[in-house]
Amino acid sequence: MPEKFKKPYDHQATEGAIYKRWEESGFFNPDKLPPIEDTDGRKQERKEPYTIIMPPPNANGSLHVGHALFVTLQDLLIRYKRMRGYKALWLPGADHAGFETQLVYEKKLEKEGRSRFKMERDEFYKETLAFTLENKKFMEGQLRDLGASCDWSREKFTLDPDIVKTVYDTFKKLYDDGLVYRGARPVNWSNKYQTSLSDLETKAIERKDPLYYLKYGPFTLATVRPETKFGDTAVAVNPKDKRYAEWVGKEIEFEGLIGLVKLKVVADEYVDPEFGTGIIKVTPAHDPNDFEIAQRHNLPVVEVIDRYGKLNEKCGKYAGMKIMEARAAVVKDLQEKGLIEKIDESYTHTIVVNYKSENDILEPRIIPQWFVKMEPLAALAKEAVEGGNIRIFPDFQKKIFFHWLQNLRDWNISRQIVWGIPIPAWFKGDEIKIGEESPGEGWSKDPDTFDTWFSSGQWPFATLGYPDSTDYKTYYPTSVMETGYDILFFWVMRMIMLGLYRTGEVPFRDVYLHGLVRDVHKQKMSKSKGNVIDPLAVTKQYGTDALRMAFLVGNTPGQDMALSEDKIRAYKLFANKLWNIARFVLSEVRGGELKQELKTEFDALAAEVTDDIENYRVYLAAEKLYHYLWDRFAAEIIEESKGKPEYAETLHYILENSLKLLHPFMPFITEEIWQSLPGKKGYIMVEAWPLR
RNA sequence: GCACGCUUAGCUCAGUUGGUAGAGCAACCCGUUUACACCGGGUAGGUCGCAGGUUCGAGUCCUGCAGCGUGCACCA
């Protein structure tokens with residue numbers, strides 16, 4: 001028995017070295033996996049491929065517990081399938097994460113007293129790239145610390161030239177098919193970051209704002225945004241509202257703050273006669289609903305707030321004022337003229353803010369952007385899930401998936417930011433051409449970049465080298481997409497849509513959605529609350545295997561989980577228990593016959609564990625192994641065997657096969673023990689699963 | 001407003017197809033005659049949110065309600 005078993009298990013001395021040897025073995029690469037042996041010891045060709053494309057972490061910081069959780073789940077599946085004889089490919093990557101990284105980097109600049117608005121585009125891009133690449137390298141080391149058995153030789157970055165080329169091809173095809181169009185439609189505009197955002201990148205929050213009842217000639221109407229009145233192009237009432245029926249189609253005329261106002265009265269179903277006075281002002285340029293009313297009634301769109309959130313030259317003396325400043329001034333002047341009937345101070349409504357920054361109130365603006373037509377793509381996705389070509393775990397997430405499909409609006413994919421993949425489009429007057437190269441004299445390049453999710457939405461087929469590569473032909477469609485439910489719409493949905501559109505096949509057969517990792521009281525982890533668990537620090541203190549078990553046991557799919565240091569510590573103890581089991585069994589000289597009833601019992605466990613993993617019930621499998629090893633094997637079988645040499649063969653059988661079952665869960669300690677067993681030279685990582 | 005999820009021991013959660021409740025941590029008591037004190041043995045603790053229903057039998061299925069959480073949503 002090796003000396004090291006005389007001391008408690010030392011994960012720090014073990015993990016780094018083991019990972020290094022795994023990596024050097026080449027077995028992370030499915031092309032280099034050894035043949036498998038069947039039950040009679042004959043060499044067999046590996047089974048079909050089993051593929052997981054890793055959700056590429058945003059290369060703008062360190063890995064957090066969420067990353068560590070997905071690494072654990074995906075690595076478990078990959079190691080399990082590898083042992084079962086599949087050509088297991090786990091393809092790693094990193095995401096440039098456009099807007100989010102730019103946000104992180106801008107904050108860094110801010111701290112240094114700098115601003116991207118005072119920098120050249122190129123300079124800002126280069127700095128962000130350097131920052132991103134540095135983080136990327138750092139995160140790759142962290143993935144190794146977590147035991148990720150991914151194929152580094154196939155690693156991809158979202159800005160790799162071949163990925164960008166695929167994204168361009170998709171854009172061109174969508175454009176040619178009429179599924180991408182340039183249009184002036186309402187978008188969510190961030191004054192702070194000077195870019196538009198997609199509807200998913202917004203959050204609606206409740207806020208209390210005064211509701212002003214303004215006199216508009218013969219009418220009184222309610223609004224929270226009196227400062228937009230210079231952009232009014234009509235007033236609207238409900239067509240069924242008898243109070244105003246006689247006015248419909250006529251024009252009202254009154255003295256406003258900056259001259260005579262003439263507004264048409266239109267009738268539109270949108271107006272709720274029960275709310276306020278049943279009349280609304282229609283300001284198409286600064287309210288998405290009003291824009292739609294304008295479309296229906298052919299009303300002009302008059303922009304009065306500029307890209308910086310300031311009133312423009314159409315606003316007379318209010319020009320140059322910021323929104324809130326202008327609101328105060330307008331209200332004051334209206335009050336002086338007696339044009340405010342009343343103010344409801346207790347009015348609560350929702351406003352739309354940047355999902356990454358609640359202080360950043362987004363303004364609806366009508367500006368030309370690139371949009372993806374969602375309906376035809378959504379139909380593809382719906383069909384794939386309804387027809388069972390894509391399965392979703394847990395099942396209830398399917399309902400959320402379908403519910404979302406009911407509220408579709410076209411997807412704005414252009415961002416006015418520097419950090420991203422440039423949109424390959426050229427403009428000359430009203431003409432548009434798609435391509436990387438200038439079509440010639442007089443054409444100007446679109447300065448915008450793609451929404452990050454437009455490129456990551458193509459990740460499965462782009463990383464595999466669609467359409468001609470051997471990898472694509474071998475590993476696509478992939479087996480399972482494992483990720484958090486929080487990016488079901490952002491990412492999973494878009495991968496399904498774009499994957500089906502581009503390749504005609506589903507990008508993955510199964511979707512496994514895990515929950516969010518929260519603290520012990522189910523609170524969101526955040527730096528300000530001070531409850532953040534750093535997975536890499538935990539790994540150092542308790543060992544990666546302990547962290548992995550803490551992530552797995554009792555973690556139901558689609559449900560948020562509570563993670564505590566106590567829980568992690570519990571599985572460090574389990575690792576040590578396993579270590580001592582091995583110590584005891586190794587001290588027993590082999591002998592005696594394999595006890596059939598104990599073998600039968602163990603084989604039943606192996607069958608259950610296998611079935612649980614196959615059906616994504618890894619939380620049950622982990623718990624069963626834990627209890628079998630501790631409460632049954634250690635507490636009963638080993639105790640019973642003491643002083644009875646004829647048990648030795650059985651103990652060895654159970655230990656060896658338990659190590660195999662446990663390997664995908666706790667890869668490091670199982671490998672370490674395995675290689676200490678007498679006569680074992682290879683890696684448990686590529687041993688055959690006990691059940692075939 | 002619509003949808004989804006959760007509600008089980010002090011805390012955080014399991015409980016896969018319905019068969020008289022489990023884990024980790026915490027608490028209490030005992031034990032160092034070795035595989036392991038990074039341990040072992042034991043104790044205590046739950047009308048499984050509420051109200052109905054189906055069933056021989058329900059934490060598990062159905063209906064309604066309540067509380068909490070999340071997603072979606074154009075009421076000025």
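Here the structure is a predicted model, which is why all the values come from computation and not from measurement.
- Side-chain N/O atoms of A:R409 include one lying less than 4.0 angstrom from OP1 or OP2 on B:rC74.
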- Verdict with supporting geometry, A:M561 and A:K567, side-chain contact (heavy atoms from CB on, under 4.5 Å): CA-CA 12 Å; A:M561 71 168 307; A:K567 190 174 179 189; 3.9 Å; yes
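- Contact check, A:K577 against B:rA35: no side-chain N or O comes under 4.0 Å of OP1 or OP2.
- Under the 4.5 Å side-chain criterion, counting only non-hydrogen atoms from C-beta, A:M525 is in contact with A:I533.
- Looking only at side-chain heavy atoms (C-beta outward), A:P273 and A:Y244 stay at 4.5 Å or farther from each other.
- When rounded to the nearest whole Å, the span between OH of A:Y619 and P of B:rG22 equals 18 Å.
- In this structure, A:K567 does not reach the B:rU12 phosphate: none of its side-chain N or O atoms is under 4.0 Å from OP1 or OP2.
- Looking at heavy-atom distances under 4.0 Å, A:T223 makes contact with sugar-phosphate atoms alone, never a base.
- Considering only side-chain N and O atoms, A:K399 lies under 4.0 angstrom from the phosphate OP1 or OP2 of B:rG5.
- With hydrogens and angles ignored, a donor-acceptor pair under 3.5 angstrom links the side chain of A:K572 to the base of B:rC38.
- Base pairing analysis places B:rU33 opposite nothing; no Watson-Crick or G-U wobble pair with both distances below 3.5 Å involves it.
- Heavy atoms of A:I400 sit under 4.0 angstrom from primed sugar atoms or phosphate atoms, though from no base atom.
- Under the Watson-Crick or G-U wobble criterion, with both distances below 3.5 Å, B:rC4 is paired with B:rG69.
- A:A204 comes within 4.0 angstrom of no nucleic acid atom, judged by non-hydrogen atoms across all strands.
- Among the atoms of the strands shown, only primed sugar atoms or phosphate atoms (P, OP1, OP2) are found under 4.0 Å from some heavy atom of A:Q559.
- Remark: A:T556 is in phosphate contact with B:rA14, judged by side-chain N or O atoms under 4.0 Å from OP1 or OP2.
- In this entry B:rC75 has no Watson-Crick or G-U wobble partner, no candidate having both defining distances under 3.5 Å.
- B:rC28 is paired with B:rG42 under the Watson-Crick or G-U wobble criterion, all donor-acceptor distances under 3.5 Å.
- Both distances falling under 3.5 Å, in either a Watson-Crick or a G-U wobble arrangement, occur for no nucleotide opposite B:rU47.
- For A:K281 and B:rA76, a side-chain-to-base donor-acceptor distance below 3.5 Å is absent, hydrogens and geometry of angles not being considered.
- Taking only side-chain nitrogens and oxygens, A:W404 never comes nearer than 4.0 Å to OP1 or OP2 of B:rC2.
- In summary, the aromatic rings of A:F371 and A:W411 are positioned with their centroids too far apart to meet the 6.0 Å limit.
- A:E639 comes within contact range of at least one nucleobase, with a heavy-atom separation under 4.0 Å.
- Base pairing of B:rA21 is not made with any nucleotide, judged by Watson-Crick or G-U wobble geometry with both donor-acceptor distances under 3.5 Å.
- Side-chain contact annotation: A:Y270 with A:N289, donor-acceptor N/O pair under 3.5 Å present.
- For A:R207 and B:rA76, the CZ to P distance is 12 Å, given to the nearest whole Å.
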